[in-house]
Every structure is written in structure tokens, then in C-alpha cells.
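Computation of the quantities below employed the complete heavy-atom set of this structure, encompassing side-chain atoms and omitting hydrogens, waters and symmetry-equivalent molecules. Here, residue 1 is the first one in the sequence, and each next residue gets the next number.
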Amino acid sequence: MFPEYDVIVVGAGHAGCEAAAAAANLGQKTLLVTMNMNTIAQMSCNPAMGGVAKGQLVREIDALGGYSGIVTDQTMIQFRMLNRSKGPAMWSPRAQSDRMRFAEAWRLKLEQTENLDFWQEMVGGLEVKDGRVVGVRTGMGLVIPGKSVILTNGTFLNGIIHIGEKQFGGGRAGEKSATGITEQLVELGFRAGRMKTGTPPRLDGRSINWSLLEEQPGDEVAEKFSFTDTPRLTKQRPCHIGYTNPEVHAILETGFHASPMFAGRIQGIGPRYCPSIEDKLVRFSDKTRHQLFVEPEGWDTVEIYLNGFSSSLPEDVQYKALRKIVGFENVRMFRPGYAIEYDFFPPDQVKLTLETQLVENLYFAGQINGTTGYEEAACQGLMAGINAALKNKEQDPFILKRDEAYIGVLIDDLVNKGTEEPYRMFTSRAEYRILLRQDNADLRLTEKSYALGLADEARYQRLKEKKESMEVLLKAMEKVSLEPEQINPVLERIESSPLNQKVKAGSVITRPNVTLDMILEASPELREIARDMEPEFLEQVEIGMKYEGYIRKEKELADKMIRLDDIILPEKFDYRKLKSLSWEGREKLEKVRPASLGQASRISGVTPADISVLMVYIGR
């Protein structure tokens with residue numbers, strides 16, 4: 001019934017969609033298997049993409065030729081650039097999305113992708129022969145042959161939903177869980193664990209008194225995620241902010257005896273940085289209120305997502321507490337919040353390509369690796385899809401280093417450090433974040449993707465034009481001088497010391513509070529050069545000149561550290577025979593099987609002395 005596919009992707013969440021698109025666009029005959037064709041790319045939790053560090057991930061996915069940024073631009077209802085008050089390394093784009101249109105746009109993109117087929121059914125197991133995956137087995141007993149399989153099961157592996165004292169199997173509200181895969185993987189020698197996440201109640205926006213909430217509008221000029229020519233927002237829907245209060249807290253506490261989290265019915269570890277409302281009350285008992293973000297689910301729907309009120313308390317307790325929030329006195333619920341527990345596999349069991357160590361050509365991506373968040377899942381899916389395709393074509397793997405992308409940081413962290421709680425990306429996790437800004441993701445990654453055959457010609461030509469136009473302006477800034485009478489009126493306006501003689505524009509822009517717009521205002525010559533450049537290009541020129549010294553120093557530091565990544569370690573090396581290694585070092589090196597000395601140096605428990613021993617052994 002089925003041909004042999006090059007790549008089979010199991011699960012059509014954010015990881016699965018990016019994996020399927022990447023493999024298919026690299027010429028692989030690809031099959032995307034999902035339990036429900038109507039929930040492809042479903043936003044299971046909040047209707048938003050991006051955020052602190054997550055926005056950088058989406059821009060990197062886009063720069064590599066993925067679809068997440070394009071779909072987000074097509075369906076966003078609000079855009080905000082977070083952390084504008086900080087340095088540009090911290091700026092993070094975030095978009096509020098139309099939930100229904102987001103899923104629809106993703107499905108249509110996939111349907112228009114060549115080499116991609118779909119099949120609706122649960123996958124109950126893998127076909128494995130001689131340590132190599134050769135296909136999947138469905139719930140109906142059908143065997144689908146495939147050269148590679150990518151598991152992107154999200155929260156569906158033995159998923160259990162908790163609401164108060166009630167619990168029932170499910171991978172998401174209204175959808176059944178997936179069974180069989182965990183048990184088989186454990187039989188094959190994989191270690192499994194349990195994690196949990198939660199979601200807040202969905203509300204009827206018609207029952208909220210919006211005048212009593214704080215309005216949170218989008219940016220005056222909305223930017224976008226994709227480096228392609230996607231549409232820009234001309235109108236936006238506002239979000240709102242509300243607050244809990246002591247009366248809300250008192251009602252919530254009446255349900256603590258029935259809380260599955262406090263009663264011990266939930267064994268999985270939840271996300272540290274996105275706690276439930278009941279968890280907040282315990283951990284931050286001194287606080288008399290907690291901030292809530294009241295987020296619309298789309299342009300036209302009245303459904304509201306109450307960000308910050310995730311809960312697994314009984315539904316009647318949730319409802320009573322909600323009605324004590326100012327503005328929510330008459331609120332109606334569409335559905336209560338709930339917690340969900342699911343299986344994951346500690347990620348030190350995969351390689352940097354996301355291929356598993358125990359079964360050849362089997363890849364894990366997304367929450368199965370212990371991460372949380374659409375963006376973290378999507379970038380893993382993209383990388384797994386790329387690497388599955390490259391291995392099938394007998395080409396070198398595609399691995400991003402820590403100084404090349406947040407994606408590289410994320411995968412390196414997972415593989416070398418593992419995780420015991422849901423992993424979320426933050427800017428603080430990246431030691432080279434001045435290099436890994438959201439604005440320069442295309443400059444860092446698009447040429448690499450084009451060389452792989454993933455980024456198309458139009459995207460590559462657009463990058464070349466951008467680089468050329470920026471180079472012209474950068475050279476002009478170093479060459480054109482500003483006369484005192486040109487620039488002093490601008491400097492006086494911002495209370496900066498006036499010039500006594502003409503000075504190169506490039507040196508003036510390094511002053512605090514001086515912007516490129518001010519330089520262009522003062523110089524007709526530079527203004528003419530910049531006239532047709534897009535605002536994002538101009539912003540990159542300004543960042544590059546203002547932070548040139550910091551960028552250079554960080555690049556030098558990265559180059560020194562990354563040299564260790566060029567020292568390759570033997571794949572089949574027996575670390576146990578090197579008695580000079582520490583006991584823990586031997587144990588961790590045997591488990592992770594690092595590809596390079598650099599990777600070995602980042603494994604938790606491997607000491608600098610262990611690295612020195614390895615360097616001596618391989619003659620360095």
C-alpha cells in the first residue's frame with residue numbers, strides 16, 4: 001500500500017511541521033503522520049510566537065528556510081519588540097497570532113510543498129532491524145517503510161490530563177494520547193521520564209469588562225519575523241493586563257486539597273519559568289497580586305487566553321476565582337485550565353544531529369527531548385529534517401555551533417547537559433549573544449542554508465542585495481565627514497558636546513544617544529545613499545557601528561573556544577581504557593559520545609583535566 005519513504009515524520013505539531021517541510025524541500029520523499037489532520041500546527045497553549053530568545057529562534061528558523069516566520073507574519077494580529085530598553089543583543093520579537101488562521105496557513109504551506117504526503121492515524125510502534133529503524137507501524141497494524149523516522153510526539157506519549165481530582169488519557173484537550181512508542185523505546189534500551197505542562201482556562205471575551213483592564217497595544221510600527229517579502233501589519237488588536245488579588249488567592253487556596261500537583265498525583269516535573277497559578281501562590285506567598293495577560297485568540301473570535309493563570313485546580317474553583325478578578329466579575333469560561341503529564345526521553349541519548357545513539361536513522365525533536373515551547377520544538381524539527389535528509393544522501397551532517405545560532409546553543413545544551421525539567425531558551429543561555437542577535441540571523445545562516453539546498457534562490461539574492469547595500473552605507477559612514485554646522489544642531493538637541501571641526505560620520509554615531517537617523521538628518525549625501533534601504537537594514541548598520549568593538553571582542557573569544565570543536569574525537573573510542581580520566585568523566589563521555597573535543601568540554605562532569613588527557617591522547 002505504501003512506497004518506501006525517505007523520511008517519515010510522526011506528529012504534526014511545530015517540530016513535525018518544520019521537520020517535514022525541511023526534508024521534503026531537500027528532495028526527500030516525505031510522509032507526515034498525524035492522529036488528526038485538522039490539528040496540524042495547532043497552537044496548544046498560548047496563541048503567540050516569539051518572545052525573549054524565542055523570537056531569535058524563529059528568525060533563525062526563517063533564515064534557514066523554515067516556515068515558522070512566514071506563517072507567523074501571515075497570521076499575526078499584534079507585534080511587539082521586547083527589551084527595547086536594553087542593548088540590541090536582548091531585543092526579542094514577539095507576535096500575537098490568530099490561532100485558527102495560523103494552523104490553516106501552516107497546513108496550506110505543507111500541502112503546497114512538493115515531495116510531501118500525509119497520513120492520518122496513530123503510530124503505535126517502530127519497525128527496527130539490526131539496530132536501524134526501517135519504518136513505522138500504525139494503530140491499525142499497517143507497516144509504512146521508511147529510511148529515516150523523526151519522532152515529534154509533543155505531549156501525546158502516554159499523556160494524562162489532570163483537572164482537580166479528575167484525570168483521563170489525552171495528548172491535548174479533546175484528543176487521545178499516543179501509546180506503544182514509549183514502551184518499545186524502553187525495550188530498546190532508552191531511558192524515559194515524565195514531564196508536565198499546563199494551560200489556563202479559555203474565556204468568553206464578550207463577558208469581560210475591558211474598560212477595567214490596562215490596554216497593551218502593539219508597537220507603533222509593526223516589524224515582522226521573516227526575511228522574505230511577507231506582509232506587514234497595518235492594524236493590530238490590543239492585548240490587556242489584569243491582576244489577581246487576595247480574594248482570588250483565597251478562593252484558589254480552597255481547592256489546594258484537590259490539586260493533583262499538591263496531592264502527588266502528578267509525578268512529572270513542570271516548567272520552572274511558567275508555573276501554574278497555584279504554584280505561584282505557594283512559591284511567592286508574600287505577593288498580594290500576580291499579573292495576568294489577557295490575550296485575544298484571533299481577529300474575529302471572542303475566545304480569550306488568560307496568560308498567567310495556568311491551573312489544574314477543580315473547574316468550579318477556577319471559575320469562582322476568575323469572577324473575583326477586576327473586570328472579570330461576569331466572566332464565562334469556554335473550558336477550564338488543565339495540567340498534562342507526558343513521557344519524554346532525556347536528550348543526552350541523541351547526537352548533535354538529533355539522531356538517537358541507540359537506533360540508527362531514528363531522530364527525536366521537540367518535547368520528546370524535554371523542551372517546552374513552540375519555538376524550541378520548531379527549530380529542533382527543522383534540524384532533524386535537515387540531518388535526516390543529509391544522512392540519506394550520504395552528505396555531511398549540519399550542526400550549528402554555539403557562536404553561530406541560538407539553535408546551536410539549544411541543541412548543544414540538551415545533548416551535553418541533558419535536562420531534568422522542561423528546557424526553555426533564554427538569552428542568558430547564550431554566551432555569544434552579541435553575535436546572535438535577532439536582526440542578523442539571515443547574515444549568519446542563510447548562506448549555509450543555501451549551500452544545503454534549503455534556502456531558495458530568491459531568498460539568497462535578497463540576502464546578497466542586503467549585504468551589498470549595507471556595505472555601501474558602512475563605507476560611506478567611514479568616508480563622509482560632517483561639518484560642525486551640519487551636526488551641531490542635532491547634538492545640541494540631545495545635549496551632546498558640539499564639534500569644533502569636521503569629523504567622520506562613523507565616529508559620531510558611536511556617541512551615546514546619537515542615532516543613524518540623526519546622522520542621516522545632518523548629511524544629505526548619506527541620506528541619499530540610505531534613501532531606498534529598508535528600516536531593518538539601516539538598524540543593522542547602526543548596531544554594527546555602535547557595537548563594533550564589543551562584537552569584535554566576542555568573536556575573538558568565540559574563535560578561541562570553537563577551535564576545540566575542530567578537534568574530532570573517534571566515534572568508536574573506548575573512554576573506559578583511559579585510566580587518567582576522572583571516573584565521572586569516563587562515565588559521561590561514554591554516555592554522550594561527543595563528536596569533538598569542544599563538545600566534550602561542555603559536558604557536565606567532564607573536567608578541564610579530562611580535556612587535557614584527551615588532548616594528550618590524540619596528539620594535541
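Checked against R459 for a side chain to side chain contact (heavy atoms under 4.5 Å, CB included), the options D229, T228, L64 give a single hit: T228. With E295 as the fixed residue, the salt bridge (charged side-chain N to carboxylate O under 4.0 Å, His left out) test singles out one of R94, R80, R202: R94. The side chain to side chain contact (heavy atoms under 4.5 Å, CB included) test with V9 singles out one residue from I150, L31, L151, and that residue is I150.
Residues A21 and L110 come closest through the heavy atom pair CB-CD2, 4.1 Å. In this structure, A15 and A377 approach most closely via the heavy-atom pair CB-O, 3.2 Å.
A 4.5 Å side-chain heavy-atom check between I160 and S177 finds every atom pair outside the cut-off. The side-chain heavy atoms of T152 and V10, taken from C-beta on, include no pair separated by under 4.5 Å. Using a 4.5 Å heavy-atom cutoff, the side chains of M333 and L203 are in contact. Between I181 and L157 the shortest side-chain heavy-atom distance falls below 4.5 Å. Looking only at side-chain heavy atoms (C-beta outward), R323 and E329 stay at 4.5 Å or farther from each other. Considering only heavy atoms from C-beta on, I407 comes within 4.5 Å of L57 through its side chain. You'll find the side chain of Y338 reaches within 4.5 Å of the side chain of R172, heavy atoms only. A 4.5 Å side-chain heavy-atom check between N158 and Y342 finds every atom pair outside the cut-off.
Listed for the D73 side chain is a donor-acceptor partner under 3.5 Å among the backbone atoms of F225. Using modelled atom types, one side-chain atom of Q318 and one backbone atom of G337 make a donor-acceptor pair closer than 3.5 Å. No donor-acceptor pair closer than 3.5 Å links the side chain of N153 to the backbone N or O of I368. Between the side chain of W210 and the main chain of G205, a donor-acceptor pair closer than 3.5 Å is present. A donor-acceptor pair is defined here as one N or O able to donate and one able to accept, closer than 3.5 Å; no such pair exists between the side chain of Q167 and the backbone of I266. At least one donor-acceptor pair under 3.5 Å links the side chain of Q236 to the backbone N or O of F79.
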(message) Between D343 and T182, is the side-chain hydrogen bond (donor to acceptor under 3.5 Å, both in side chains) condition met? List the steps.
(response) CA-CA 7 Å; D343 293 336; T182 295; 2.8 Å; yes
(request) Could you go through the side-chain contact (heavy atoms from CB on, under 4.5 Å) check for E278 and L252 one step at a time? (result) CA-CA 7 Å; E278 53 265 36; L252 289 171; 5.8 Å; no
(request) Could you please spell out the steps behind the side-chain hydrogen bond (donor to acceptor under 3.5 Å, both in side chains) verdict for S226 and D62? (result) CA-CA 6 Å; S226 182; D62 183 77; 2.7 Å; yes
(message) Quick one, N36 with Q120, criterion side-chain contact (heavy atoms from CB on, under 4.5 Å). Give me CA distance, side-chain angles, the key distance, then yes/no.
(response) CA-CA 6 Å; N36 188 348; Q120 178 174 292; 4.1 Å; yes
(request) Go through the steps to decide whether T353 and N387 satisfy the test side-chain hydrogen bond (donor to acceptor under 3.5 Å, both in side chains), and finish with yes or no. (result) CA-CA 6 Å; T353 58; N387 279 306; 5.3 Å; no
(message) The test is side-chain contact (heavy atoms from CB on, under 4.5 Å); show your working for T138 and F2 and say whether it passes.
(response) CA-CA 12 Å; T138 74; F2 294 98; 5.9 Å; no
(request) Before giving the answer on side-chain hydrogen bond (donor to acceptor under 3.5 Å, both in side chains), spell out for T230 and Q74 the whole-Å C-alpha distance, their side-chain angles and the decisive distance to 0.1 Å. (result) CA-CA 7 Å; T230 49; Q74 290 173 342; over 6 Å; no
(message) Go through it in stages, so that I can follow the logic: the residues are D439 and W91, the test is side-chain contact (heavy atoms from CB on, under 4.5 Å), and I'd like the CA-CA distance, side-chain angles, deciding distance and then a yes or no.
(response) CA-CA 9 Å; D439 62 275; W91 298 351; 5.6 Å; no
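Classification of the Y450-Y460 ring pair by plane angle, with boundaries at 30° and 60°, yields parallel.
Qualifying side-chain hydrogen bond (donor to acceptor under 3.5 Å, both in side chains) partners for K467, counting only residues two or more places apart in sequence or in other chains: E447. In terms of the salt bridge (Lys or Arg N to Asp or Glu O under 4.0 Å) criterion, E457 has no residue partners (sequence neighbours excluded).
Residues R84 and E223 are paired through a salt bridge, judged by an N-O separation under 4.0 Å between the basic side chain and the carboxylate. With salt bridges taken as basic N to acidic carboxylate O contacts below 4.0 Å, none links K224 and E536. Looking at D117 and K29, a side-chain N of the basic residue comes within less than 4.0 Å of a carboxylate O on the acidic one, giving a salt bridge. Salt-bridge check for R101 with D300: passed, with a basic side-chain N closer than 4.0 Å to an acidic carboxylate O. Using a 4.0 Å cut-off between charged nitrogen and carboxylate oxygen, E60 and R444 count as a salt-bridge pair.
More than 12 heavy-atom neighbours from other residues, nucleotides or ligands sit within 6.0 angstrom of CZ on R232. Environment of CD in E114: sparse, with no more than 12 heavy atoms of neighbouring residues, nucleotides or ligands closer than 6.0 Å. Counting non-hydrogen atoms of neighbouring residues, nucleotides and ligands closer than 6.0 angstrom, the NZ atom of K324 reaches no more than 12 such neighbours.
Pairs of residues two or more places apart, or lying in two chains, that qualify as side chain to side chain donor-acceptor pair (under 3.5 Å) and include a residue from residues 363-377 are K54-E375, K54-E376, N369-Q380, T371-Q380.
Judged by a 6.0 Å distance limit and a 45° cone about the ring axis, R59 is positioned over the six-membered ring of F227.
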